[in-house]
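Structure, as structure tokens:
When reading the values below, keep in mind they use all heavy atoms of this one structure, side chains included, and skip hydrogens, waters and symmetry mates. Just follow the structure's listing: the first ligand is 1, and inside any ligand the first atom is 1.
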Amino acid sequence: MEEKHKDKVAAPSTVKQSRGRLVFFLAVLLAAVGYGLQSRQQLSKDVPDAYILCTPDDAKVYTVDTANSRAQCVAVNGSYIIGVGSLGGSLNDTYLDASRMPVFYTPAGSSIVPGMTDSHCHILEYGASKIIPLEEGKTIKGTFFRKVVASIRNYILKNPDIHANKSKIIEGWGWDHTVWPEKRWPSAADLEEDPVIRGRPVVLQSKDGHGIWVSRATLEANMPFIQDMEGGVIARDANGDASGLFLDNAQDLVELPKATDESLYKKLDVTVKTALSFGLTSLHDAALKPESLAFFERQAAQGTLPIRIYGMRFFNETEEYWGDKVKPIIGAGDGRLHSRSVKMFGDGALRTGGAALYEPYFDNPSTNGFMRLSNEAMDNLIPRFLRDGWQVNVHAIGDRANGLVLDAFERALDGVDVVALRPRLEHAQLLSESDMKRFGRLGVIASVQPTHVTDDMWYAEDRLGPERIKGLYAFRSILDNNARITLGSDFPVEGPNPLAGFFAAITRVAVDGSSPHGPGGWFPEQKLTRQEALRGLTIDPAYASFTEETLGSLEVGKRCDLVVLSQDIMTIPVDQILKTKVLATVMDGKPVYGGF
Ligand SMILES: *[C@@H]1O[C@H](CO)[C@@H](O)[C@H](O)[C@H]1NC(C)=O
Ligand SMILES: *[C@@H]1O[C@H](CO)[C@@H](O)[C@H](O)[C@H]1NC(C)=O
Ligand SMILES: *[C@@H]1O[C@H](CO)[C@@H](O)[C@H](O)[C@H]1NC(C)=O
Ligand SMILES: *[C@@H]1O[C@H](CO)[C@@H](O)[C@H](O)[C@H]1NC(C)=O
């Protein structure tokens, strides 16, 4: 222990002593690049199996071990970390001689952190939302429909296989009528106006999951429609014909294109490329449909899953209990795929007034929001899932939703080993003071999204009033009550950059530095420290997904997932954080993004 610790912070003198030896290795490896040119050497995809990666000037490897130690270098063999320390210490001449490992230096000023995790995101939905960017133009007044139609047209023109075949279904995801300047719903006619789109089957799902907008060809393929649908809306034109918009239950009247592995892979690929470019190596998918999970399982079995996925299996309270029949997935595809948790929805969202509150909404005293899960359902389901070995992750936004779910957890957890079960509250946005205490006492994990803070801070007080607001996104209070926090973005709801979450968590200001409470941040007493935020993106999500033995920190014996950042996010001024670039992302010891 002692010796290991001593190693972790490299003394500059020992670094210097080993320069000669290093230059020797570099010379052999890289045709005599001198020290001054070390940043030019290429850490690229054909890196050898065993190598050492070092930061040049100082101990800039943030290991995120229990002591939050720093080190100069990480030694890698295959997928695993076999050494962490300084070149003069545990990675000394004897070690280098014995192993003949080449040494790569990261560029000046850079730092290394463990591969980061998004603890709450929607993988395939993000991909779908980017393939045809339906959100485009949301800030351009008066041109929204034209922009959307232009995105669809560009997508067709960019994909010759689709352009050439007018019966290929065009699928899009993510339109959001609440941000449109036009105060009307979209229709099939909007799509038929464009000569490239006209006549093609188009199906566009809304971001909130409540609506489908289709083209004339899709309407015709699904005709005839019933007159009215219980719990749904079939939008109609002046002649009384279906106009191409179906809301809520009426969405079931449109047959969605059957997902093929090819179409799913397209979506996955978009998300993975983006995620790796931001230094994300693990994604916790917050509500997997069975067909998406089956697809990830096939990818894992073929060894082609390009990122780590922790899947929360969606449970619809109307479906039959399956916790005793379905087997959790643990480490499929050489540790890439885990799915041992079930996701349920406790309530709705704050913005739409669906979050369940103890007291009425401040700006709408006629409602307290609503629960989507009854106490009976929770008392029936939660203990059963836990007993059958499933982690239970419940979406809870409002204080009443969080309280009721905690009540159900408390009853279910009585006398059981919480460390073995690790229940999570997804979002955990608004908490009463007593529930914050319970969080820590029960060992429930708070899965929170810091970029929601800097979005919602502008309107949330209108919704909740001046008192309750203090319990909204009160991250510091949650931690101070000894609860664990794990960080995510909820992409595609927010952008996927984990450094945006890091920045929001430690500053509580918008990207331009502003907040309703000024440049010092919105409720600044609730800021996380950089160390806490980094842990919330690395080791805490590993714990929250039962993978802390192999992931989440840079320690001997763990998988080598790491990120090389252009700057040291732990020390640079906060206004520099969002300018930080990911220089390389390494998974299982191999660079999967970037290089230097
Ligand atoms: C050199 O490295 C070896 C292997 O890691 C280790 O056993 C030894 O203690 C190290 N020596 C020093 C002086 O740190
Ligand atoms: C790397 O692992 C392989 C396979 O286990 C082993 O043969 C080799 O000696 C290791 N190399 C180093 C430098 O530890
Ligand atoms: C056009 O696409 C449809 C639907 O995907 C497919 O069934 C058909 O075989 C395609 N036609 C050609 C010529 O590729
Ligand atoms: C849950 O199941 C019911 C009945 O099968 C269905 O109508 C509803 O759409 C499902 N809810 C979700 C969110 O999938």
request  = Verify whether one side chain among N222 and E255 offers a donor that lies under 3.5 Å from an acceptor in the other.
outcome  =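 Not at all, the side chains of N222 and E255 share no donor-acceptor pair under 3.5 Å.
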request  = Indicate, as side chain, backbone, both or neither, the part of I82 found under 4.0 angstrom from ligand 2 when only non-hydrogen atoms are considered.
outcome  =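 Just the side chain.
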ask   = Among L554, V563, V64, T63, which one satisfies side-chain contact (heavy atoms from CB on, under 4.5 Å) with T538?
value =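 It is V64, the one option of L554, V563, V64, T63 that forms the side-chain contact (heavy atoms from CB on, under 4.5 Å) with T538.
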[X] and [Y] ion-paired at < 4.0 Å:
X    : Y    : answer
D588 : R308 : yes
D285 : R313 : no
R530 : D568 : no

message = Any nitrogen or oxygen of G89 lying under 3.5 Å from a nitrogen or oxygen in ligand 1? Just yes or no.
response =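 Between G89 and ligand 1 (N or O atoms, distance only) the closest approach is under 3.5 Å.
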ask   = Is there at least one pair of N or O atoms, one from T94 and one from ligand 1, spaced under 3.5 Å apart?
value =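 No: no nitrogen or oxygen of T94 is under 3.5 Å from one in ligand 1.
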key: Partners meeting disulfide bond (SG atoms under 2.5 Å apart) with C560 (sequence neighbours left out)   =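 Once residues adjacent in sequence are excluded, C560 has no partner under the disulfide bond (SG atoms under 2.5 Å apart) criterion.
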request  = Please list all pairs passing the salt bridge (Lys or Arg N to Asp or Glu O under 4.0 Å) test where one or both residues lie in residues 213-239, with sequence neighbours left out.
outcome  =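 Sorted result for residues 213-239: empty, none.
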ask   = Does the N or O separation between S99 and ligand 2 drop below 3.5 Å for any pair?
value =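 In fact, backbone or side chain, S99 has no N or O that close.
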ask   = What residue pairs, at least two apart or across chains, pass disulfide bond (SG atoms under 2.5 Å apart) with a residue in residues 208-262?
value =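 Not a single pair qualifies under disulfide bond (SG atoms under 2.5 Å apart).
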Please tabulate, one line per pair, the protein nitrogen or oxygen atoms found under 3.5 angstrom from a nitrogen or oxygen of ligand 3, with distances to 0.1 Å, or say none if there are no such pairs.
unit_1   : atom_1 : unit_2 : atom_2 : d
ligand 3 : 2 (O)  : N165   : OD1    : 3.4
ligand 3 : 2 (O)  : N165   : ND2    : 2.4
ligand 3 : 11 (N) : N165   : ND2    : 2.8
ligand 3 : 14 (O) : N165   : ND2    : 3.4

query = Hey, which atoms in ligand 1 end up nearer than 4.0 Å to a heavy atom of Y95?
reply =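 Ligand 1 atoms under the 4.0 Å threshold to Y95: 4 (C), 5 (O).
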